[in-house]
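What follows is a short report on a single structure.
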Amino acid sequence: MQTQSITQKLANPTRFMALSGAILPWLSATAAVIIAYAMYRGWNAPPDYQQGETILIMYIHVPFAWLAMMGYALVAFSSFGLLVFRHPLADVSAKAAAPIGAAFTFLALVTGSLWGKPMWGTYWVWDARLTSVLMLFFLYLGLIALRSSIEEETLASKLTAVLALVGVALLPFIKISVEGLSIPWLGLEIPAWNTLHQPSTGMGSTIHISQRIPLLLSAFGFSLAFFAMHMKAMRTEILRRRVKALRIAEVDRARAREAVAAAE
Amino acid sequence: MNAFWTLLKRDIRLAMREGGAIGTALGFYLIVIAMLPLGLGPDLNLLSRIAPGLLWIALLLSALLSLGRMFETDYEDGSLELLAIGGLPLELVAAAKALAHWLTTGIPLALLAPVLGILLNLDIAAYGVLVLTMLVGTPAISFLGSIGAALTLRARRGGLLLALLILPLYVPTLIYGIAAISSATLAASEAFWPSFLILSALSMGALVLGPLASAAALRIQLQ
Amino acid sequence: MNAFWTLLKRDIRLAMREGGAIGTALGFYLIVIAMLPLGLGPDLNLLSRIAPGLLWIALLLSALLSLGRMFETDYEDGSLELLAIGGLPLELVAAAKALAHWLTTGIPLALLAPVLGILLNLDIAAYGVLVLTMLVGTPAISFLGSIGAALTLRARRGGLLLALLILPLYVPTLIYGIAAISSATLAASEAFWPSFLILSALSMGALVLGPLASAAALRIQLQ
Amino acid sequence: MQLTIDQLAVRRGSRLVIDDLSFSAKAGQALLLTGPNGAGKTTLLRTIVGFIAHERGTISLEGGDDEREIGEQSHYVGHANGIKSGLSVSENLTFWAEYLAPDAARTEQRDRIFEALERLNLVSLEDIPAAYLSAGQKRRLGLGRLLVADRPLWLLDEPTVSLDTASVALLAGIVKDHIAGGGLAVAATHIPLGLEDSAELRLGAARAPA
Amino acid sequence: MQLTIDQLAVRRGSRLVIDDLSFSAKAGQALLLTGPNGAGKTTLLRTIVGFIAHERGTISLEGGDDEREIGEQSHYVGHANGIKSGLSVSENLTFWAEYLAPDAARTEQRDRIFEALERLNLVSLEDIPAAYLSAGQKRRLGLGRLLVADRPLWLLDEPTVSLDTASVALLAGIVKDHIAGGGLAVAATHIPLGLEDSAELRLGAARAPA
Amino acid sequence: MDLGSHAAFIIASYAAAIIVLTGLIAWLVYEGAHQKRLLEDLEARGARRRSKSSTATKSTANT
Ligand code: HEM
Ligand SMILES: Nc1ncnc2c1ncn2[C@@H]1O[C@H](COP(=O)(O)OP(=O)(O)OP(=O)(O)O)[C@@H](O)[C@H]1O
Ligand SMILES: Nc1ncnc2c1ncn2[C@@H]1O[C@H](COP(=O)(O)OP(=O)(O)OP(=O)(O)O)[C@@H](O)[C@H]1O
Ligand SMILES: [Mg+2]
Ligand SMILES: [Mg+2]
């Protein structure tokens with residue numbers, strides 16, 4: 001029942017401001033500590049026999065790649081909340097999550113490229129998984145661009161939500177078409193558009209335990225950091241909406257004063 | 001369904017009568033393809049090798065950039081709100097308009113493609129397959145594109161924005177469209193059918209998703 | 001000339017504030033370049049060979065399609081007629097707006113090009129030359145493009161039509177822009193300067209011709 | 001038939017434009033919506049049609065077709081006329097006749113279109129592209145919709161805009177006939193339409209936000 | 001100073017909208033342009049500014065600056081306000097002040113802008129983006145141009161549109177001051193501005209095409 | 001610490017992460033403070049105006 005009361009509290013922007021104001025400092029601090037510890041562990045682990053010291057990039061690259069996808073899931077989930085339940089905070093959440101998710105996607109691309117140069121000899125190859133992350137980045141860009149180009153706020157929110165959900169419907173197809181799909185028991189075999197990337201290792205199958213723990217810690221720490229930033233962005237967005245409402249009220253009051261003056 | 005045909009007929013008639021719409025898209029396609037040899041150099045082997053891809057991408061851009069006004073004139077002259085309460089579900093209104101766009105832009109562009117293939121020294125053997133895959137693939141452009149047109153109806157920067165939103169959604173169509181052509185020309189023709197079937201399936205999917213999402217967006221726009 | 005700076009400052013401020021304008025053009029450029037390997041295949045050797053041409057043509061399209069609204073908002077909100085009788089010759093008004101477009105779109109696009117070069121595996125040695133030639137060549141896009149923007153101000157199909165009208169005018173810029181890059185990368189570097197100088201001359205010409213022709217077109221539009 | 005609005009509240013942006021509005025209008029009656037600029041007349045009409053979602057309250061059409069939305073039982077006349085300038089006058093009207101009443105017989109449709117043209121004084125312009133019409137003629141053509149397809153509820157937003165005196169009388173006659181036939185009309189207007197059987201609903205000036 | 005129009009003829013499309021029109025207006029005088037819709041008021045004003053070319057006749061401003069076109073000595077207020085919704089109220093006014101009077105001293109400019117805001121009752125809205133303004137407030141902001149840069153000839157096309165009574169009086173005061181200072185104003189309007197020193201020029205109804 | 005032959009790439013990727021994330025956080029903090037300032041400004045002004053108008057015309061005080 002604790003969770004229910006929290007959701008109820010969060011349902012109201014004022015409550016959200018109070019609650020998040022109390023949580024945010026702790027959340028940020030925890031995230032920072034965990035990331036720091038993960039980095040300490042990671043940088044002191046023995047180098048990988050295959051990848052050498054470049055394995056250090058993994059501690060940030062992989063969390064960024066995961067958070068890129070999680071960020072889109074958050075946007076989609078919030079968009080669904082807006083369109084179906086018309087929850088006022090859902091839109092605030094969707095709007096706040098998009099640029100943060102885009103930033104993590106960008107970082108996944110950059111760190112991946114910087115890993116690729118020593119491993120493959122080139123910054124970029126048109127490998128399947130890289131390509132689908134790039135497409136994810138474009139979906140983020142689309143969300144941000146659409147929202148920024150519609151003046152009316154409620155309109156922009158709902159339209160962006162529709163786009164986010166269309167993206168969800170098509171993401172699997174985009175992924176399959178670049179990465180291929182194989183379901184042996186159905187006899188289904190769609191070849192990848194191109195395959196060069198490391199096959200997905202699955203958690204820990206090739207990664208040594210001394211690297212797996214820092215990686216998991218780092219992923220956890222960056223996830224907390226993501227949520228802290230998201231919370232901060234939501235708070236700012238709520239303030240921004242209040243400013244806007246007050247400005248409109250100001251104009252209305254000016255008009256009302258004029259009406260009174262005209263009547264006198 | 002009668003109302004559907006009425007609307008479709010009207011949209012086709014308007015496109016024919018205004019003329020410019022079809023002509024502009026075709027002209028743009030032509031010019032972009034004509035610029036490519038200037039930019040890529042006159043190596044005919046190279047050009048013929050990448051011709052299918054260039055033809056597809058340029059077609060995508062022309063179709064996409066001509067989509068902008070799909071709902072715009074109807075919105076501005078007040079027809080759209082009347083269409084919305086006319087009795088035909090808004091999903092079918094969107095479908096009729098996307099279909100009209102395919103008939104008046106998608107098909108002409110697909111038919112123009114082999115002609116432009118000459119400029120890029122495309123292998124003659126590929127002409128048939130090129131047109132076939134394009135005819136099968138272009139409905140996805142019109143129907144997915146209608147989502148973009150509906151979303152950007154009241155946005156400040158229509159054209160480019162629409163392309164930005166919708167291009168990533170075309171990745172599957174593009175990949176399988178080109179896969180079908182290459183497998184046909186590279187004599188690996190047993191690989192043609194899977195790609196072609198997937199391409200058809202994608203277009204069928206777009207036929208469903210497009211109208212649903214566009215109608216949702218249009219309802220929001222009418223508020 | 002003070003009025004010129006005032007106008008330039010305002011246009012830049014508006015572009016910054018609306019934000020989307022710059023972002024949309026950059027995003028479009030990025031997406032078009034990213035779609036190309038999907039169409040042409042992931043062969044890095046091939047891509048790096050045709051990279052300069054693709055980067056130039058895609059940049060041309062992005063800049064051109066973002067030109068549509070250069071005069072449009074000013075026309076719609078009545079600013080344009082006030083600017084016309086403000087005391088600054090209409091030629092300089094057009095020049096200020098084209099310059100603002102170059103500063104807010106041409107330069108960012110030119111600076112983005114090498115980043116996109118990574119995606120096409122462009123030879124690292126070419127980066128400097130690429131940016132340099134683009135910075136020198138893009139003014140021609142904004143200034144010649146302003147003619148198209150002025151001509152299509154009241155036309156129904158802004159974007160594509162504008163591109164259709166203006167793309168042929170860019171052929172010289174395109175050819176010498178690419179020639180300059182290729183000569184620099186192919187170690188035939190003594191051939192770089194002639195191309196580069198011609199490119200600069202073309203831009204200078206556009207700087208003169210663009211405002212003159214746009215002002216003439218705008219005068220007609222204001223009637 | 002009766003249109004009933006109960007405790008309606010509609011929000012636009014951050015402002016409640018309509019707050020706690022209740023009224024009802026019966027068949028055989030015209031309801032005139034008046035009030036100063038920004039009072040919410042357009043908002044109310046568009047909410048009834050179903051374009052704008054309301055925050056609280058109910059809108060119901062008793063005695064209507066329960067299977068269909070209120071909008072689909074209404075003719076809405078807004079600021080724009082829904083006319084394609086590329087089509088001729090009769091093509092425009094024919095389109096709406098076929099679109100709005102797809103099941104009607106061809107001959108009946110043709111008769112009604114001709115009748116509408118006649119009644120709206122547009123017969124002589126029949127084959128002229130709508131682009132060449134004057135503002136008032138365009139408005140009359142837009143009103144033609146009301147005559148080519150039957151719908152019980154008419155929602156008219158400033159229908160007299162750009163009409164001259166003779167045309168206003170013509171419109172009043174059309175609305176009167178509709179009401180006499182058991183129809184229902186709600187019209188936002190600044191000009192009296194000259195209807196006998198009409199009630200008036202005056203919306204107040206916009207409130208300042210709390 | 002005197003504005004003289006002699007045997008002016010202006011063609012729009014295939015029609016001579018203005019034909020053989022002659023009149024003159026002196027400094028210290030306001031000339032009101034009246035006439036039914038389509039009479040050519042807007043056409044006349046835009047011809048004087050120089051946007052529309054005339055077919056015959058002359059337009060001259062005696063006592064003006066012979067080096068500059070009439071348009072460059074005029075303030076023109078048309079249907080649109082020339083306001084950027086992305087800029088705040090004071091940014092909008094500052095832009096026009098700097099653009100129209102680039103040689104004025106900074107401090108003087110600032111004083112005039114402030115004065116204009118005060119006079120137009122816009123001080124409290126100074127920092128608000130113009131997008132949020134109501135139609136009337138936007139119109140007043142557009143009129144601010146008249147106050148931040150001096151130009152002898154004012155050409156006003158329905159300047160009172162969307163202004164309420166108090167604001168119309170305010171505008172009349174501004175025009176009166178301009179005239180009293182030796183300026184000249186030509187205004188097309190349907191509403192009397194309440195000016196004493198004003199002449200009226202009535203344009204006839206539009207002629208049918210020959 | 002020895003980062004091997006690929007030190008530059010490791011440092012570059014960490015630097016990129018630090019730059020982007022710090023930039024993002026700085027932007028979030030700045031925007032938060034900025035909106036807060038605007039809000040306080042508006043509230044202060046609104047309060048002043050309301051109290052002024054309530055002394056002038058008592059009837060319009062409850063807007
Ligand atoms: C721009 C380039 C790159 C992008 C966009 C990218 C993207 C991704 C993504 C999305 C994941 C998560 C996949 C999953 O969990 O299934 C991932 C994981 C991973 N990537 Fe990359 N990557 C890039 C370059 C590289 C390079 C060059 C390497 C190393 C040679 C690399 C090694 C890994 C490893 C080891 C994992 C974790 C394996 C796993 O858990 O599946 N990546 N990358
Ligand atoms: N999309 C919107 N967002 C925010 N506010 C809006 C929106 N549309 C209308 N409003 C506001 O709602 C109020 C009512 O507008 P509405 O158009 O319904 O008035 P009206 O009575 O039809 O006025 P008029 O006589 O001018 O037609 C106005 O104050 C307007 O500013
Ligand atoms: N671009 C044009 N092409 C052809 N005819 C035009 C054009 N613009 C205006 N007209 C015609 O010129 C005539 C005069 O128009 P004008 O706008 O000057 O009238 P007005 O007196 O300002 O009317 P209102 O009171 O409606 O503002 C009208 O009959 C109009 O139809
Ligand atoms: Mg209204
Ligand atoms: Mg006029």
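Letters A, B, ... mirror the listed sequences (proteins, then strands); counts begin at 1.
With respect to chain B, the highest number of heavy-atom pairs below 4.5 Å among D/Arg68, D/His75, D/Glu72, D/Glu69 belongs to D/Glu72. Interface check for chain D: of the options B/Leu83, B/Leu7, B/Leu222, the most heavy-atom pairs under 4.5 Å are formed by B/Leu83.
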Decide yes or no on side chain to side chain contact (heavy atoms under 4.5 Å, CB included) for B/Ser79 and D/Trp96, but give the supporting numbers first.
CA-CA 10 Å; B/Ser79 298; D/Trp96 286 117; 4.2 Å; yes

Trace of the side chain to side chain contact (heavy atoms under 4.5 Å, CB included) decision for B/Glu81 with D/Val49
CA-CA 10 Å; B/Glu81 46 193 36; D/Val49 186; over 6 Å; no

Would you sort out whether B/Leu82 and D/Tyr99 count as a side chain to side chain contact (heavy atoms under 4.5 Å, CB included), showing the intermediate values?
CA-CA 10 Å; B/Leu82 300 175; D/Tyr99 184 80; over 6 Å; no

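A salt bridge is absent between D/Glu98 and B/Arg10: the closest approach of a Lys/Arg side-chain nitrogen to an acidic carboxylate oxygen does not fall below 4.0 angstrom. Here B/Arg13 pairs with D/Glu91 in a salt bridge; the nearest charged N to carboxylate O distance falls below 4.0 Å.
The two residues B/Leu14 and D/Lys84 have their closest heavy-atom pair at CD1-CD, 3.4 Å. Closest approach of B/Gly86 to D/Leu100, counting heavy atoms only: CA-CD2, 3.7 Å. A pairwise comparison of heavy atoms in D/Pro102 and B/Ala3 identifies CB-N, 3.9 Å as the closest pair.
In this structure, chain B has a heavy atom under 4.5 Å from the backbone of D/Ile83, while its side chain stays farther away. For chain B, the nearby part of D/Ser74 is the backbone; its heavy atoms alone come within less than 4.5 Å. Contacts of B/Glu76 with chain D are made by backbone atoms alone, with heavy-atom separations under 4.5 Å and no side-chain atom involved.
In the displayed structure, D/Lys176 atom NZ is contacted under 6.0 Å by more than 12 heavy atoms of other residues, nucleotides or ligands.
In this structure, the separation between CZ on B/Arg17 and OG on D/Ser88 is 7.0 Å, given to the nearest 0.5 Å. Rounded to the nearest 0.5 angstrom, B/Ile85 CD1 and D/Leu155 CG are separated by 8.0 Å.
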